[in-house]
Structures are given as structure tokens and as C-alpha cells.
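A, B, ... follow the sequence lines: proteins, then strands. Residue 1 opens every chain.
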Amino acid sequence: MIKRLRGTYDVLPQDAIKWQYVEDVFSVILERYGYREIRTPVIEETSLFTRSIGETTDIVTKEMYTFLDQKGRSITLRPEGTASVVRAFLEGSISPDALTKLYYWGDMFRYDRPQKGRYREFCQVGVEAIGSAIPALDAEVISLAMCLLETLGLKDLKLNLNSVGCVDCRRVYYEKLKDYFNSSTVVTMGKLCPTCQKRLEKNPMRIFDCKEENCQRTIEKAPTIAESLCSNCTLAFENLKKYLSLLDIPFVLNTRLVRGLDYYTRTAFEITYEKMGSPQQNALAAGGRYDNLIQELGGPPTPAIGFAMGMERILLAMEIAKVNIPTGKKVEIYFVSLGEVAFQEAFKIIDRLRRKGFYVYATTSGRSLKSQLREADRLCVGYTLILGGDELSRRVVMLRDMENSTQREIPLKDLEDELAKL
RNA sequence: GUGAGCGUAGCUCAGCCCGGUUAGAGCACUUGGCUGUGGCCCAAGCGGUCGGGGGUUCAAAUCCCCUCGCUCACCCCA
């Protein structure tokens, strides 16, 4: 038997209800904050991702689904959403001067070893606010992210906040970090792990992500980015904090927070849910500013900020938090028919009822009354219609209320009117 | 890429350590008890290449080797 590919999953009907619920809640709120949906292709030219995410990042070096098409072009299944949205923004010439607020929703692909809360094909919903650098926008975007999760019923969310500065701050900071990690105080504490020695050359901030005990110890005393921020970045960060306070959104400053993508500048944030099983997979949403990306992709200098949330993790968090998913109540009917003649008549009636807007279940094979009622019971329908030879000859149908086990006859000609009253 | 755990009925698992009749249970499903009335109860039935291959043995779900798959964790990320 053919089985699903590793790291993929099927959303079965009982779970699809949960997905639909989140989709409904989210789309309303996103529109309320002024965002409009954008849909982009799942496949893109490979260079879009290598240029935006960064040549040396884990995503680009080992996690992308890349293949050559029939004409030998390098194609990649999107590993994240921002690059495609920016590409579409530039290609679609969306009003370049005004602030553009977009949201997207879709599957992303990363070739990773799957584990709890992490898949090779996974679903992200994200937003991008393009065209403004004012810190109030950062605060609004963060508020939106919090609002989305809180509206689902998730509590005790933790907002981790940092500023990773602009290119100027980072140049200064990288030098400081290199000096520190090469200094005698660090060397006496023991060597960095091999991965971190490479990181020291390419992107020293990434050392903060290391879980090696020895590296962790050296990190404690390392200089923070805050001390290296330029005056503009410092001011922007202070303003962001001020606006978050205005909105009563608590946050935790985390100077070690580094995002795994190269394009981030200034604001970086992550919303974690501590009750999540695995401590390393507890980020429900993450994002930040990317003020240089649009220019790097060939557009005009345009500041922007966005975030992405992982749907699988949100659903997982909802399970853990035991969130109640409201179910829309609708009148459902199971149509029981007995014998071939009655089945043919029922077959016509059922089709007519469905076209009129009723929710009607029915058996497809001639089974016993008992087994059909049992199925109706399993489906939890409120009512059952029973049509046998006796009813058919008298042009009536039995309407059974499954809740209190009462039933009455209804002339076939009045059926639709009677059902409408239920 | 690295490490650990697990693969037995549709599902959850027992049996394996200590090899030995036809490989079990619960749930689910079908039928009947109740000839045209669901849920509860009772009974019967259906359902298995014991993940796959090889080896040891008179004999393998059970012991050994290889392999595939899944899960969890590391790296990293949503």
C-alpha cells in the first residue's frame, strides 16, 4: 500500500473542522486590521530564496526542496512566505507609495527530520506590512499576532523581543563578538564547538542559538547587541517598547533572540507557548523587520515588517490548552428506506431536499432498518425519515425525532414545509 | 546528518525476556436475540504476509543479523 511521504500528514475530517475554525477566526481578524489576502505560487525560481533568506542559512544550505524542471531551470518549493510575497509585490506593482498590508496562507516545504510540531510540508499564515518604518507599525503587527492567538483561546503567551539592528550596527557588533569569542577569557573557558567556530566567521550572532553546554557558558558574558545599536535603531526600539506599553502588551527582552533568516533588521520577535511539549518547538509565531530585503530583490528602498505563524503548532497548542471549538448547529436528517422500490423513491426525494438546502444522509445499499437507524445514531443526526412499502403506498413518510424517540407521519407533499419548521 | 524507542486485526495493545497445539483481548464493524425502529445488554461472525528479507533450530511473533518504515529527541526552525 502506498503511504504518505515522510514529514507530511493528512487532515482527516474530524481535524479539518479545527482547521476551518482557525481559518475563519483568523481571516476575520486579519481583515479587521486592514490586511488583504495574497496568494502566490508554491514554486519559485531558486534564486529568490537563496538571495533573500541567505546563502549560509540552514534553510538554504540543507532544507530546500530544489529540482530542475524539464528545461533545466532550478525550481524550489517555497520554504517560507515572505520572499514570494515581496516578489509578487514588486512584480504586481502594488501602489508603491502607500502602506501595503498583505496576508497569506499556505503550505511551506523544508527538508528536515520531522518531529512533534515540525513537518516537511507545513502550513503557515503570515502577514507583511510593506512601506513604513515607523515603530508604531511594529507594535501594531505584534498586537495583531497576539490578538490572533488570544482570540483562539490561547493564554499565557510569551512575547520575546529584540532588536538586531541595521547593517551598520551589526558590522560593529560582529567585530565586538569576534573580539570577545577570541579573547583570552573565553579561550580559558574552553573551546567553542565546531559549528560555532564556523558561525563565528559567518554570523557570530547564531552562536546564541547553540545548546552546547560549553558554548552556553561563554554566551552568558558575551556583549549584547543592545550596546552596539546605532542611535536611530536605539530610538526605534525605544519607540516600539513605548507603543507596546500603550497597548498593554507585556514583553520579555531577549538580547539573544536571533532569527534564522538573514534578511531581518531591527525588530525581531517570537511568541512562544511554554506549555508546549518540546521546549525547542514552542514558537507559535515569529517575525520581524526586513528593511533591506525589497531593495536587495531589485525594488526601491522600502522598509517592511511581517511575521509567520505555524498552523500545526497552533493546533497543537489548542489541544494542550483544551480549547473548545464551537460547532455550528444545523438540522441534519438521515433518510432510511426499506426495499428497492422505496429506495428509488427516496433517492429522488433526497436529491430534491439537498437542492433545497437540507443536510441529508442516506444509506447507499439496502440494509436492515436496524442497521440504518444505528448509522443515523452514529452520525448524531437530529431526525430520521423512514420510507417503507407501507408509507410509500399511502404517500406518507415517517419523521422520527432521534432525541426523544417520537415519530409522526407526514404526507410526502408536505415534507419540505415540515422539515423547514424543524 | 546524529542518537534513542517502537512496528502483532481497521484502532489501542497483550504475547517476546524463558522458542512448542488452530496468535489473543478491548474498541470498531456485520448479523441475530427484538420478522419495520437507534443508544444499553447478551451472543455469534468478519477481520492477521506477527513491517520485509535472511540465519539458527525438529520447530520462530518469540533468538541472531540485515533492511525498510514510523515516532521522539539533537542540529535548526513555524
Report the nucleotide, chosen from [options], that has the shortest atom-to-atom distance to any side-chain atom of [X].
X      : options             : answer
A:L369 : B:G36, B:C29, B:A78 : B:G36
A:P114 : B:G36, B:U71, B:U31 : B:U71
A:R4   : B:G36, B:U71, B:G39 : B:U71
A:K116 : B:C29, B:A73, B:U37 : B:A73
A:K370 : B:C34, B:U37, B:A78 : B:C34
A:L261 : B:U30, B:A78, B:G36 : B:A78
A:S368 : B:U31, B:C70, B:A73 : B:U31

Between [N] and [M], how far is it from one [atom1] atom to the other, in whole Å?
N     : M     : atom1 : result
B:G15 : B:G3  : P     : 29 Å
B:A9  : B:G45 : C1'   : 14 Å
B:C6  : B:U12 : C1'   : 14 Å

So, is A:Q115 near the phosphate of B:C74, with a side-chain N or O under 4.0 Å from OP1 or OP2?
->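 Result: yes.
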With distance as the sole criterion, do the side chain of A:Q407 and the base of B:U37 form a donor-acceptor contact below 3.5 Å?
->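 Pair found.
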For the side chain of A:Q372 and the base of B:G36, is some donor closer than 3.5 Å to an acceptor across the two?
->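 Per atom types, no contact qualifies.
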Thinking salt bridges, do A:K18 and A:D15 make one under a 4.0 Å N-O criterion?
->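 So A:K18 pairs with A:D15 through a salt bridge.
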Using the closest heavy atom to pick a nucleotide of RNA chain B for each, name whichever of A:M398 or A:R113 lands nearer the 5' end.
->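 Comparing both residues, the 5'-ward one is A:R113.
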